[in-house]
**Student:** 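My structure is below; once you've seen it, I'll send some questions.
Any value given below was found using the heavy atoms of this structure, including those in side chains, with hydrogens, waters and symmetry copies removed. Within every chain, numbering begins at 1; the chains are lettered A, B, ... in the order of the sequence lines, protein sequences first and strands thereafter.
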Protein chains: 2
Amino acid sequence: MSTFVRGNKDLIKAINRNLILNTVRRHGALSRTQLTEISRLSVGAVSQITQELIKDAWLLEVGEGDYTGGRRQTLLRLNPDAGCAIGLKLMEHRIVCALTDLEAKVLRYQDLPMPVDHDPMVIVTALTEAVETTVNASGVDRRKLLGVGVGVAGVTYPQTGIVHYSPYLGWHDLPLAELMRVRLHLPVYIENDVNTLTLSEQLFGAGRHIENFVVVTIGRGIGMGMVINHQLYQGAKGGMGELGHITFDAAGPMCSCGKHGCLEAFAADPAVIAYVRHSRSAEDAPRTLEDVISLAQAGDALAKAALRRSGEILGIGLSTIVNLLCPSLIIVSGEGVVAGEFRIAPMMDALRAHTFNGLLDDVQVIVEATDDHAWARGSASLVMGKLFESPLIEAGIAV
Amino acid sequence: MSTFVRGNKDLIKAINRNLILNTVRRHGALSRTQLTEISRLSVGAVSQITQELIKDAWLLEVGEGDYTGGRRQTLLRLNPDAGCAIGLKLMEHRIVCALTDLEAKVLRYQDLPMPVDHDPMVIVTALTEAVETTVNASGVDRRKLLGVGVGVAGVTYPQTGIVHYSPYLGWHDLPLAELMRVRLHLPVYIENDVNTLTLSEQLFGAGRHIENFVVVTIGRGIGMGMVINHQLYQGAKGGMGELGHITFDAAGPMCSCGKHGCLEAFAADPAVIAYVRHSRSAEDAPRTLEDVISLAQAGDALAKAALRRSGEILGIGLSTIVNLLCPSLIIVSGEGVVAGEFRIAPMMDALRAHTFNGLLDDVQVIVEATDDHAWARGSASLVMGKLFESPLIEAGIAV
DNA sequence: TTAGCTTATTTCATTGAGTGAAAAAAGATT
DNA sequence: AATCTTTTTTCACTCAATGAAATAAGCTAA
């Protein structure tokens, strides 16, 4: 059930305060005069709002602008010390934890083994300890910590903070955010891991200013996150973005999900490895994607073919996204975007070959690998996302 | 480049006026007290805004509510005579024109042959004449006509009113809206035809109140429209929704679009007809989808197989939508949703079989045939869409 | 018929956010 | 030190929402 936007003075104030904050954040450093021009607010409003934001320590006066004939402009920028955030990424065998500033710059990074006991309480304890030790080691005043973001593979309900299903950890409907919140006494936000990456691209990456874009992750699985009309898209009940499980060939082999012929079963990293392994003796069979790439680089035809085939099928998957959504930007990332010439080039060729008419002309494609830092920064972005979110979203934009 | 929302008194006023108007529109008839509860505005604000809307003839006082112990509530409803709209649908061989009231009820309907000469000026003349004759025949005061909506197959740029590409008419970058506007002296809105249908579902159909839904049309081609976060989605430069041209089988035959193995080439109406024709003598070969259905109903195995195969492939296409977007509603419509048991039932089975895990549990699927009236009402909805659109959208929601 | 009761709707003083002109501040040049 | 230009703040004004109080409207029961 959607609430509708109702207008009153408080909403105006919240909108304009948010407008100023985000304008400064995006431009780096601006004077009040520049803010007046960009925001189209009156000089009086800008003066008052900046005054309040400086008082509340969100903005800092930093130096002066160039001389243009009269009084110099006082430049304002976001106070990076206004607060910090923790980003946690739950991997299969590890917990990755980063403390970042408001621009998602990593101040402190830590990497812990995931407890073998997947009992929620054991892991919650490990997570809260990871937060505390990271903050302590950083030397940052704990009171500056504004919140904790957690990225989890699987299906999450961000509004309620519940992990609906986690394939690695075997959880079902675990109220992870609440369990952590009562221990940490901090806001805790949960999201699907690909969505955290998408959010960080929107706030700090290539997705800034972009109305519609898609992030595709390639690795053990194939995931997808979307920003549509400047908003992170959450499908019905948090389900969506199962790019890895669209049907590529209905007659194909069974996927780990139980369906037949999923894209993932043909094109994700395990499929590439399996393709090579099955045609080799046990000794020199590759065990990881890196092994396959090494083989390919050494000229191994089978490894090359495996990577090329994976790329081609990934390209068809991307073409489906373009044909259906035609976003203005696609960011291809994840641990699997490493074998450029062997895997990514065929992917791009297939994307072009399978996209309707001139649809691709308006789509920019960026390929960028992802490391652990990126995932942790993504999780931390959940906190900044809330912080800088338009009050219209909180009010529930309904048209 | 996105503009940002800036708050001021005018915006508040516009938001709340729109809020009241839409609340009344959606509920049919409401008292001021009920409006206060639903909109969460103060009694004073509701009183003033309704007064203005009544003065401007947007709202009507109609009768009284039930007795609940004190003064009876005065019920308000949208004034259906506040204005009317024209919807034009450009078909391959016909022009369909409907005059509707604000609730998209058809007041007058007309059906003209499309000129064989596809010269833009010839067709623009035919279109403007269709508008004038329909309005005249209806007896409605022309001053009540608020605008004209035009639905076109192909790629359109609604913001500029340009038809970028029309496959049936062979147009390229024709400023159709402007050409019609100067002749009619009325606002003219252009949209892709599937999007008009999607908009009318959002305003008047099963998509009311639904945050995210998709409309799929099956017929000569296979199209798709989306409402995401309560907004009609327009991909980069108006391109999107090419469900018919996602790759179903890369090794498949060439599609009319020049690519290989498009969904449309396997599952749209022409593919069904071709499937049966190729295995029959010229005499008793079916020429239309209706012919195929008749054969199937008579027990013809080949016709049944053709329809079933089409349905299965359509179902895989729908599963792709669910896997990627997981909208809370999918409306399957178009002229092709006629052969229920033979085509639609297999479609639903395939949809279930190819959807990830429990993703479909949260998705409602509605199948409803579309006739010429529906297309014309869709086009007219463009006018009402503008009329009832949130001022936040006009302001350009950017977050 | 009318007083009394309840609920609906309007009125009105108040609040506060943006607006924009005018004042003040700040720095450079002469 | 006076002057010029530009930046920033101040301040009187406007107008929309708010919410309490006043008014309106209808039903019931004496």
**Student:** DNA chain C: Leu75(B) or Glu64(A), which has the more 5' nearest nucleotide?
**Tutor:** Leu75(B)

**Student:** Taking N and O atoms by type only, does the side chain of Lys9(B) place a donor or acceptor under 3.5 Å from a partner on the base of dT14(D)?
**Tutor:** yes

**Student:** Ring of Phe388(A), cation from Arg25(A) - is the NZ or CZ under 6.0 Å from the centre and inside 45° of the axis?
**Tutor:** yes

**Student:** Classify Asp10(B) by what it touches in the nucleic acid, base, sugar-phosphate, or nothing, heavy-atom distance under 4.0 Å.
**Tutor:** nothing

**Student:** Take the protein atom CD of Gln34(B) and the nucleotide atom P of dA8(C), then report the distance between them rounded to whole Å.
**Tutor:** 9 Å

**Student:** Could you give the CD-to-C1' distance, from Glu52(B) to dA17(D), as a whole number of Å?
**Tutor:** 12 Å

**Student:** For Glu61(B) and dA8(C), give me the distance from atom CD to atom C1', rounded to whole Å.
**Tutor:** 12 Å

**Student:** Taking the side chain of Thr33(A) as its heavy atoms from C-beta onward, which of dA8(C), dT7(D), dT9(D) lies nearest to it?
**Tutor:** dT7(D)

**Student:** Looking only at heavy atoms, which two atoms of Arg6(B) and Leu41(A) are closest? And how far apart?
**Tutor:** CG-CD2, 3.3 Å

**Student:** If you assign each of Gly70(A) and Val43(A) to its closest nucleotide in DNA chain D, which residue comes earlier from the 5' end?
**Tutor:** Gly70(A)

**Student:** Could you walk me through whether Glu64(B) and Gln73(B) satisfy the side chain to side chain contact (heavy atoms under 4.5 Å, CB included) test, starting with their C-alpha distance in whole Å, then the side-chain angles of each, then the deciding distance to 0.1 Å, before giving a yes or no?
**Tutor:** CA-CA 6 Å; Glu64(B) 298 187 326; Gln73(B) 305 181 333; over 6 Å; no

**Student:** Can you check the Glu37(A) CD to dT7(D) P distance for me, whole Å?
**Tutor:** 8 Å

**Student:** Between Asn8(A) and dA16(D), is there a side-chain N or O to OP1/OP2 distance below 4.0 Å?
**Tutor:** no

**Student:** Check every atom of dA8(C), dA28(C), dA17(C) against the side chain of Tyr67(A) and return the nucleotide holding the closest atom.
**Tutor:** dA28(C)

**Student:** With no angle test and no hydrogens, is the base of dA25(C) tied to the side chain of Arg71(A) by a donor-acceptor pair under 3.5 Å?
**Tutor:** yes

**Student:** Could you give the CG-to-P distance, from Leu19(A) to dG18(C), as a whole number of Å?
**Tutor:** 10 Å

**Student:** Just compare dT19(C), dA8(C), dT10(D) and give me whichever is closest to any side-chain atom of Gln73(B).
**Tutor:** dA8(C)

**Student:** What's the CG-P distance between Leu35(B) and dT10(C), to the nearest Å?
**Tutor:** 11 Å

**Student:** Between dA17(C), dT9(C), dT18(D), spot the one nearest the side chain of Arg32(B), thanks.
**Tutor:** dT9(C)

**Student:** Figure out the CG/P separation between Leu11(B) and dG16(C), and round it to whole Å.
**Tutor:** 20 Å

**Student:** Of the listed nucleotides (dA17(C), dT10(D), dT10(C)), which one gets closest to any side-chain atom of Lys13(A)?
**Tutor:** dA17(C)

**Student:** Nearest to the Ser31(B) side chain among dT9(C), dT8(D), dG18(C), which nucleotide is it?
**Tutor:** dT9(C)

**Student:** When the nearest nucleotide of DNA chain D is assigned to Asn16(B) and to Gln48(A) on a heavy-atom basis, which residue is associated with the more 5' position?
**Tutor:** Gln48(A)

**Student:** Looking at the side chain of Ser42(A), which of dT18(D), dT11(C), dG20(C) is the nearest nucleotide?
**Tutor:** dG20(C)

**Student:** Which atom names give the shortest non-hydrogen contact between Val215(A) and Glu201(A), and what distance separates them?
**Tutor:** CG2-CG, 4.1 Å

**Student:** Counting heavy atoms from C-beta on, name the nucleotide in dG18(C), dT9(C), dG26(D) closest to the side chain of Arg72(B).
**Tutor:** dG26(D)

**Student:** Please determine, by modelled atom types, if Gln231(A) and Glu211(A) share a side-chain donor-acceptor pair under 3.5 angstrom.
**Tutor:** no

**Student:** If every non-hydrogen atom of Val383(A) is compared with every non-hydrogen atom of Ile86(A), which pair is closest and at what distance?
**Tutor:** CG2-O, 4.4 Å

**Student:** Arg6(B) has an atom CZ; how far is it from atom P of dA17(C), in whole Å?
**Tutor:** 17 Å

